[in-house]
*Asks:* 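My structure is below; once you've seen it, I'll send some questions.
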Amino acid sequence: MDRDQLRQRLQFYQDLGFKQIYRRDATAIAEPVTAPVAALPDPLPTTNIEMAKLPDVSLPPMAPAGDSLLRIIEDIGDCHRCRLHEKRNKIVFGVGNEQAKLVFVGEGPGADEDAQGIPFVGRAGQLLTQMIEGTSKKEGIPLLRADVYICNVVKCRPPENRTPEADEMEICGQFLFRQLSAIQPKAICALGSTAAKALLGGKDGVTRLRGRWHKWRDIPLIVTYHPSYLLRPYNQDAKREAWEDLKKVLHFVYD
Ligand code: URA
């Protein structure tokens, strides 16, 4: 790897939110090269990376060529990377068609998902299934839940279903990004503010982001309300808007 390639790779990790990288094997090297990515000047310079130490740098593969969902699951392993592992029962990786043209991204598993290891199987999940299958049927699109792919920003249930914290999203986000890169769907539907924030950055909530197209990398992305929000009885307007958003993304992908 030459200096430019290393610089690009470090920039890539920095863009993904990595704060630190580590050598895999520290024993053979006199001087560590564990420069915190956050401490590197932004933009990264091309000149101050010490080439003599490069062969010892072992960066984790980020969406490497030939990445697959299976490989990502293997890399997640029995994950202890953040505090969410402490109370989880099951890691909830994702479910559906690995070659799906449409991916739905939620926030994180709830109690039912944590027990079964499958995303969106509780009440919100039933509503999501109804939204996908009911809307597509009405629109004349032959589509079942099993035809799309469904996953979350964090793979372990946050205690008391709290919103995932920034560091948890950052750590687990690398796996979400790899899932999306491996699947390469035609479009992504972000369900709720947490998914929107993980994929688009920024602070805007669903109300500001919904109703128009965004992009994650080069993939068109729609933001809509989280099904849990739509389950609340007083959110009739939001329900109507969510159905509009869903129609928009379904026609874009399947027409
Ligand atoms: N809410 C989510 O965001 N994801 C799930 O899997 C279930 C509920």
Side-chain angles (χ1 to χ4, degrees), residues 69 72-73 76 79 82-85 87-98 100 102-135 144-180 183 185 187-201 204-207 209-210 214 216 221-233 235 238-239 241-243 245-246 249:
L69 296 182
I72 302 165
I73 292 173
I76 290 177
C79 188
C82 83
R83 66 188 82 78
L84 293 183
H85 81 274
K87 293 199 172 147
R88 70 148 187 256
N89 284 303
K90 291 201 171 150
I91 294 175
V92 181
F93 180 70
V95 72
N97 183 350
E98 297 198 11
L102 178 58
V103 175
F104 289 86
V105 180
E107 178 174 304
D112 296 305
E113 291 77 18
D114 176 61
Q116 295 185 44
I118 304 170
F120 283 99
V121 289
R123 280 185 69 218
Q126 284 161 23
L127 178 58
L128 180 62
T129 307
Q130 214 177 303
M131 286 165 69
I132 294 167
E133 298 193 351
T135 311
L144 297 173
R145 172 180 159 129
D147 298 323
V148 303
Y149 192 83
I150 302 173
C151 58
N152 285 303
V153 175
V154 295
K155 313 297 185 210
C156 297
R157 182 191 182 197
E160 321 301 330
N161 296 339
R162 66 162 168 75
T163 306
E165 289 176 11
D167 62 329
E168 296 159 354
M169 287 170 60
E170 190 177 294
I171 291 164
C172 219
Q174 63 177 300
F175 299 113
L176 170 65
F177 290 1
R178 281 179 62 187
Q179 281 172 297
L180 295 172
I183 297 171
I188 299 166
C189 182
L191 301 166
S193 299
T194 301
K197 190 170 179 189
L199 293 169
L200 299 175
D204 286 342
V206 177
T207 331
L209 294 170
R210 65 154 296 277
H214 305 268
W216 179 78
L221 181 149
I222 280 278
V223 177
T224 196
Y225 297 98
H226 192 285
S228 306
Y229 179 74
L230 301 174
L231 282 171
R232 300 177 202 165
N235 289 334
K239 263 185 207 152
E241 289 172 345
W243 257 265
D245 298 334
L246 205 54
V249 77

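When a residue number appears, it is its place in the shown sequence, counting from 1. Just so you know, ligand 1 is whichever comes first in the structure, and atom 1 is the first atom listed for that ligand. Side chains are part of it too, since the values below use all heavy atoms of this structure and drop only hydrogens, waters and symmetry mates.
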*Asks:* I need the minimum non-hydrogen distance between A111 and N161, along with the two atoms involved.
*Replies:* N-OD1, 4.2 Å

*Asks:* So does R83 pair up with E168, basic N to acidic O under 4.0 Å?
*Replies:* yes

*Asks:* Got a sec, which pairs hit salt bridge (charged side-chain N to carboxylate O under 4.0 Å, His left out) with one end in residues 88-98, sequence neighbours left out?
*Replies:*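 Sorted result for residues 88-98: D78-R88.
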
*Asks:* Could you pull out the closest heavy-atom pair between A100 and D147, with the gap in Å?
*Replies:* CB-O, 3.6 Å

*Asks:* Can you list, by chain and residue number, every protein residue with a non-hydrogen atom closer than 4.0 Å to ligand 1?
*Replies:* G106, E107, G108, E113, P119, F120, N152, H226

*Asks:* Taking side-chain contact (heavy atoms from CB on, under 4.5 Å) as the criterion, tell me which of V92, I150, D112, I132 meets it with F120.
*Replies:*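 With F120 as partner, V92, I150, D112, I132 yield a single side-chain contact (heavy atoms from CB on, under 4.5 Å), made by I150.
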
*Asks:* V103 and C151: which non-hydrogen atoms are nearest, and at how many Å?
*Replies:* CG1-SG, 4.2 Å

